[in-house]
Chemist: 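Here it is, the structure in full.
First listed ligand is number 1; within each ligand, the first listed atom is number 1.
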Amino acid sequence: MTPICLVGIGKIAVDQHVPAINGSEDWELAATVSRAGTVDGVQSFTDFDQMLAERTDIAVISLCLPPVPRYDYAAKAIAAGRHVMLEKPPGATLAEVDALVAMAKAAGVTLYTTWHSRMAKGVAPAKAWLADKQVTSAHINWKEDVRRWHPNQEWVFAPGGMGVFDPGSNALSIITEILPMPIHLRSADLHFPANRDTPIAAQLQWTKNVSGDFDWRQEGPQSWDITVETTAGTLNLHDGGDRLIIDGQEIAAGNNREYPSLYDRMAELVKTGASDVDVSPMIHVADALTLGKRIMVDPFHF
Ligand code: NAP
C-alpha cells in the first residue's frame, strides 16, 4: 500500500476522504496535516513543512482544503517532489491551476484535479449514450441547503469561495463531461446576499439551449438534477448523477462510489506517471462571475 497524507481535516475529509482511503487496497493513510482536525491512529501534523521534511516516505498528498488556501500547499508539495490530488474546484483562479500544471510537469509528478461528481454512477453511461445524439436543449436544476452541507463555513461566502458555484461546479463538471458539443455562457443572473461577497443563487443561460438554475437556499428535499433533450429521446440524471433514466427507463442507479473511484484513479495516475487536469467546469464559473448581472438579495446568516 502507498502511504498518503491528507491535508485539511474538515467536513469532506471526514465524510469522504478518510473512509475512501481506509477502504482502498492501494492506500495507507500515513499522516494528516490540519490546524485542528486529526484522524484516530494516524500521525498528525499542524505544520505542512514539518510533515514534508519528516515524512519523506510519503510521496502522495491529497489536499482537502477550501480553494483559496489550497494553492500554497500544492505548490510546496510539488516543489518537494510529491504527487498531488486536489479537491474540487481545483483552485481559486484558473491561472493558479495553470501554474501548478507547469510546476508538476517540470517536477515530473502527478497532478490530479478531481471532480467527484463525474464519478457518479450515471455519468459515464450518460456520456456514452449522448455521444452520437443531437442535443436540442439541456437544463441543470441544482438546489441544496448551504446550512446542511457547509455548516458555518464562512469561506464559501468570502472572495474565492465561489458561493453557490461551490456545489454548482459539481453540476458543471457533469454537463461538461456528458454533452457531445461545446457550450459557452450567454448570460447570468447572480443573487448576492447584501452582506456577502459570493452569490447564493444563480440562473445561467448558455448557447445551444442549455440553462441552469442554482440555489443554496433550498430546505427539505434537495435537487441535483440534469435533463438533456435530444432528437432521439430524453435523458435525466438525478441524485447528483447517481441515477440515470433514459426515456423513463432506469439505466443506472445507486451505490455512491465517487470518492473511492477518485482514489482508484489517483493510484492509476501515479503508477503510470500521468496527470489528469481539467478546468472546464471552472471556466463556466469564471465566465458567470465575469458576465453576471448582480442582484442584491436578503442578507444571509448561518
Ligand atoms: P471545511 O471543512 O471548511 O475545510 C476543510 C479544512 O480545511 C478545515 O477543516 C481546515 O482545517 C482547513 N482550512 C480551512 N481554511 C483554511 C485556511 N485558510 N488555511 C489552511 N487550512 C484551512 O471545508 P469542506 O467542506 O471540507 O470543503 C473543502 C473542499 O472540499 C472544498 O473545496 C469543497 O468544495 C470540497 N467539497 C466539500 C463538500 C461538502 O459537502 N462540504 C463536498 C465535496 C467537496 P484546520 O482548520 O484544521 O486546518
Chemist: List for me each residue that meets salt bridge (Lys or Arg N to Asp or Glu O under 4.0 Å) alongside E25, sequence neighbours excluded, and say none if there are none.
Modeler: none

Chemist: Quick one: list whatever passes ring pair (Phe, Tyr, Trp, His ring centres under 6.0 Å) with H17, sequence neighbours left out.
Modeler: Y259, Y263

Chemist: With W149 as reference, evaluate F302, W216, W224 under the ring pair (Phe, Tyr, Trp, His ring centres under 6.0 Å) test and give the passing residue.
Modeler: W224

Chemist: To the nearest 0.5 Å, what is the distance between CD1 on I246 and NZ on K133?
Modeler: 7.5 Å

Chemist: Just list the side-chain donor-acceptor pairs under 3.5 Å for residues 66-76, sequence neighbours left out, or say none.
Modeler:
| residue | atom | partner | partner atom | Å |
| --- | --- | --- | --- | --- |
| R70 | NE | L65 | O | 3.0 |
| R70 | NH1 | E87 | O | 3.1 |
| R70 | NH1 | P89 | O | 2.6 |
| R70 | NH1 | P90 | O | 3.3 |
| R70 | NH2 | L65 | O | 2.9 |
| R70 | NH2 | P89 | O | 3.4 |
| K76 | NZ | D49 | OD1 | 3.1 |
| K76 | NZ | D49 | OD2 | 3.1 |

Chemist: Compile the protein residues with any heavy atom at a distance under 4.0 Å from an atom of ligand 1; present them by chain, then by number.
Modeler: G8, I9, G10, K11, I12, S34, R35, A36, G37, C64, L65, P66, P67, P69, R70, Y73, E87, K88, P89, H116, W149, H150, Q153, W155, D166, Y259

Chemist: Has the side chain of D247 got a donor or acceptor atom that lies under 3.5 Å from a matching backbone atom of T234?
Modeler: yes

